[in-house]
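Chain naming here is simple, since letters A, B, ... match the order of the sequence lines and numbering starts at 1 in each.
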Amino acid sequence: MTVALTGFNVAPQITKQFPDAVVEANDRAVVVKSGLLFKVAQYLKNTPGLAFDYLNHISAVDYYDYFELVYYLVSIEYNHSLVLKTRCDRNKPAVPSAVSLWRGADYQEREIYDLMGITFEGHPNLKRIALWAGYKGHPLRKDYLE
Amino acid sequence: MEIEKVTPVYSAAELDRIEGQEIEELRARSQQPIPDPDRWLKDEVQRNILLTSVDAIINWSRRSSLWPATFAPACCAFEMIATAASRFDLSRFGMEIFRASPRQADLMITAGTLTWKMAPLVKRIYDQMAEPKWVIAMGACAISGGIFASSYSVVPGYNRIIPVDVYVPGCPPRPEALLYGIRMLHNKITKSHSDIQLNLLHKG
Amino acid sequence: MTLKTEPYVINIGPQHPSTHGVFRMRTTLDGEVVVDLEPIFGYLHRGIEKLAEERTYTGFIPLTDRLDYLSSMSNNLAYVLAVEKLARVLVPERAEYIRVIMAELQRVASHLIAVGSFLNDAGAFMTPIVYMIREREKILDLFEMVSGQRLTYNYMRVGGVSQDLPEEFLPALDNFLEQMPLYIDEYDQLLAENEILLARSKGVGVLNKETAVNVSAGGPVLRASGVKWDIRKADPYSIYDRFEFDIPTGTNGDCYDRYWVRVQEMRQSLRIIEQAKAQITSGPVRSEVPHLIRPPVGEAYGHIEAPKGELGFYLVSDNSIAPYRCHIRAPSLLNLTALRDMIKGWKVADLILIFGSIDICMGEIDR
Amino acid sequence: MLVSFGYIGLFAVAAVAFTLVMVLMPVMLRMLGIAPRKPNPVKANTYECGNETIGKAWVQYNFRYYFFALLFVALDVLVIFIYPWAVDLRKLGVPAFIAIVVFIFIVLVGYFYAWKKKALEWK
């Protein structure tokens, strides 16, 4: 049975490592500052106790005044999972890319960039994946008009 | 003798930009559906001419060996494959082989949703098919965009891009429905009056 | 005297007999050897995630059929599980058993197409796939008996299934379960030690364990590389903890192992269906759920072990009748991330074979 | 004796006639106007899975392919010469057999030379 680690039992470990990283921790997920996302993710992946070596998926949700990125991490060895979230503001949505940690993030980040308009710094090949170059706008945004 | 690698890599961004431009132009151009090529109906009614025996032979030969091009974007593709497989055998109608290249195909069964990104390619494949050629629009997506008609990236129907001869509704249409559509196409071909300028035969 | 050889670029493009749909690869070749490959998606991007936001929870079910159109039952199951987790809906016993039977039948059907088209790409043109489609037709008859449709069933609902099994279903399932193992043995006997298949696929397109996990591959691609990770065992959903079956895992993650894992998984699925059919109880098939469900504000992630890998639906709800956001985790898209390093250095014919062994479905990649 | 040659002649005429009809059929249909002809620039373009070709096709290949081709032609011609002997080898007896062995040996010397000059290695 995959043990879903809640924000509460992971947040203390993260705050011990990066004092001001955790913005909010609830029973579902732990929300981290977007600037420190890469360091926290690297910490989560490399510490032996957590060992989140399998990035299940990345989703992006548009909450009108901010975008929320949801990283669903799983550890195959310990069979536990964690939902890591980060928020970036709407007018300059940029988040460090996780491709150097998990190569599986490559196409998912390109898709989020294409449909939601969030740029991922450090992504090797960030361009549209589902739509064609020269397409105006990002369709999955709530304020997208045909 | 050392073989040294020269790697003039293409510029992907440049190619994408050109293709993107092409899609935008085609999208602007194709806002109205292309009228279906039903020329044979009008001629038939107006001049009520009998088909010459040459026409009959030609139409019989064209009708009984229509080779479909494998154009299989989405779900309807697997109903088309099921039709071609052993249970609903397509080769009873002489459509034995699915030709991969449009050069050797005379029928395009458009089995799947058409998106704007795919539209210029469909136009090019259709243009590269040899005459005489026909198109069966298979499935609701091919006829009118179907369940995805309200989407931002779906072409509402193949007839915006290429002239369509027979429409087979269904999502996906059952193999029997597709076979019925193919039979309708056969009837259409039988009645078609190929524009022969046989000045040899027509003396006066 | 150095000899200049220029690599040249060809499009193994959207309209191609062995790209399993509209997938395009801009491959840079040096003679026969593949130097580089740039995959291009999006030719079947219908924007299903955007359409989800303008459909009710029940109205979105037909759209999930068209995601991975080779395993519509599994798509329905994944979506419906996610909504039930979101709206905390309980499912009656009989519906759970029916769902397991349908999902496992769908896995056999999808694997039949996967193995058939893999052999088709290996050069056995049309013969194996036509035999395997003959078996798949038997499964489609069962599905048609239950849901009235051959490919896009729209059979499952939030809280159960839309209608009960007709009474002639279980006898038909019985004689299917008698025949099918014989067919699988027939294929195995013809193909497992087949000289050409071994030569063409043993050691070709190897994906080692670490890259497979790092690339978040799933399903037969991940298990062929030796990682024992199957959602039915790792995180048992619905009633999978009541059946015992084992997870076939390959050793060196090459094309042959992926083929072998899929054939063994077909056998395991038949075992599960056998047990599910034995334990099935009678009773209601659907719990009382309003047609327009308004799940409480919140989010949920429901995932299952679909034939191609882990298929998951991440739903965010704002207590309205339509999902606020519906993200679909497409296993084929993630399995393709490793394509580039699997094919480097192989010849073009092997590229087609490796791509066929990954078994992707463009419907769920482009969504 | 002459009659049997007649049959061969008849057979040759039928063969030539058949191929001529097959070759001229499209030309005839084209002239009669039955085969429709609607050329357009896109149709004349090369077909590459529906999109434009990239770069030029007139590219410098790896030279190794030509070595393989040459060796194949040499050994293939050898096989062609063996056919007439193989058809009737008992009647031709030992002298023909020796001649064939010598002939094969000569060609194999060339093959051995290419082998030693590493023409068959790829890198």
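- Residues of residues 64-73 of chain A lying within less than 4.5 angstrom of chain C, judged on heavy atoms, are A/Y64, A/E68, A/V70, A/Y72 in numerical order.
- Residue contact with chain A, scored on non-hydrogen atoms closer than 4.5 Å, is absent for C/A330.
- Looking only at distances, no side-chain donor or acceptor of C/H16 sits under 3.5 Å from a matching main-chain atom of C/F23.
- Heavy-atom distances place no part of A/R128 under 4.5 Å from chain C, backbone and side chain included.
- There is no contact between A/N125 and chain C, counting heavy-atom distances below 4.5 Å.
- In summary, C/R223 and C/E265 engage in a salt bridge, as defined by a charged side-chain N under 4.0 Å from a carboxylate O.
- Using a 4.5 Å cut-off between heavy atoms, C/F41 touches chain A through backbone and side chain atoms alike.
- Chain A forms the most heavy-atom pairs under 4.5 Å with one residue out of C/R367, C/R329, C/H303, and that residue is C/R329.
- Both the backbone and the side chain of C/V213 come within contact range of chain A, with heavy atoms under 4.5 Å apart.
- Looking only at heavy-atom pairs under 4.5 Å with chain C, the residue among A/K142, A/R110, A/K45 that has the most is A/K142.
- Heavy atoms closer than 4.5 Å to chain A are found nowhere in C/E210, neither backbone nor side chain.
- Only the side chain of A/L115 comes within less than 4.5 Å of a heavy atom in chain C; its backbone stays farther off.
- Most heavy-atom pairs under 4.5 Å with chain C, from the set A/A60, A/A29, A/S81: that is A/A60.
- Between the side chains of C/D65 and C/N75, no donor N or O sits under 3.5 Å from an acceptor N or O.
- If you check the side chains of C/S357 and C/R258, you find a donor sitting under 3.5 Å from an acceptor.
- Under the 30°/60° scheme for interplanar angles, the aromatic rings of C/Y314 and C/Y301 are found to be tilted.
- Using a 4.0 Å cut-off between charged side-chain N and carboxylate O, C/D341 and A/R103 make a salt bridge.
- Chosen from A/V74, A/L55, A/L140, the residue pairing most often with chain C at heavy-atom distances under 4.5 Å is A/L140.
- Neither side chain, A/T6 nor A/D27, offers a donor N or O lying under 3.5 Å from an acceptor on the other.
- Between A/V10 and A/V22 the shortest side-chain heavy-atom distance does not fall below 4.5 Å.
- Annotation: side chain of C/K233 is in contact with side chain of C/F245 (closest heavy-atom distance under 4.5 Å).
- The closest side-chain heavy-atom distance from C/Y79 to C/I328 is not below 4.5 Å.
- The pair C/E49-C/R325 meets the salt-bridge criterion, with a side-chain N (NZ, NE, NH1 or NH2) lying under 4.0 Å from an Asp/Glu carboxylate O.
- The environment of NZ in C/K209 is sparse: at most 12 heavy-atom neighbours from other residues, nucleotides or ligands sit within 6.0 Å.
- For a residue to count as touching a neighbouring chain, one of its non-hydrogen atoms must lie under 4.5 Å from one of that chain's; by this rule C/L222 touches chain A with the side chain only.
- In this structure, the portions of C/L333 lying under 4.5 Å from any heavy atom of chain A include both its backbone and its side chain.
- Salt bridge status for C/D36 with C/R340: present, with a side-chain N to carboxylate O gap under 4.0 Å.
- Heavy-atom distances place both the backbone and the side chain of A/D53 under 4.5 Å from chain C.
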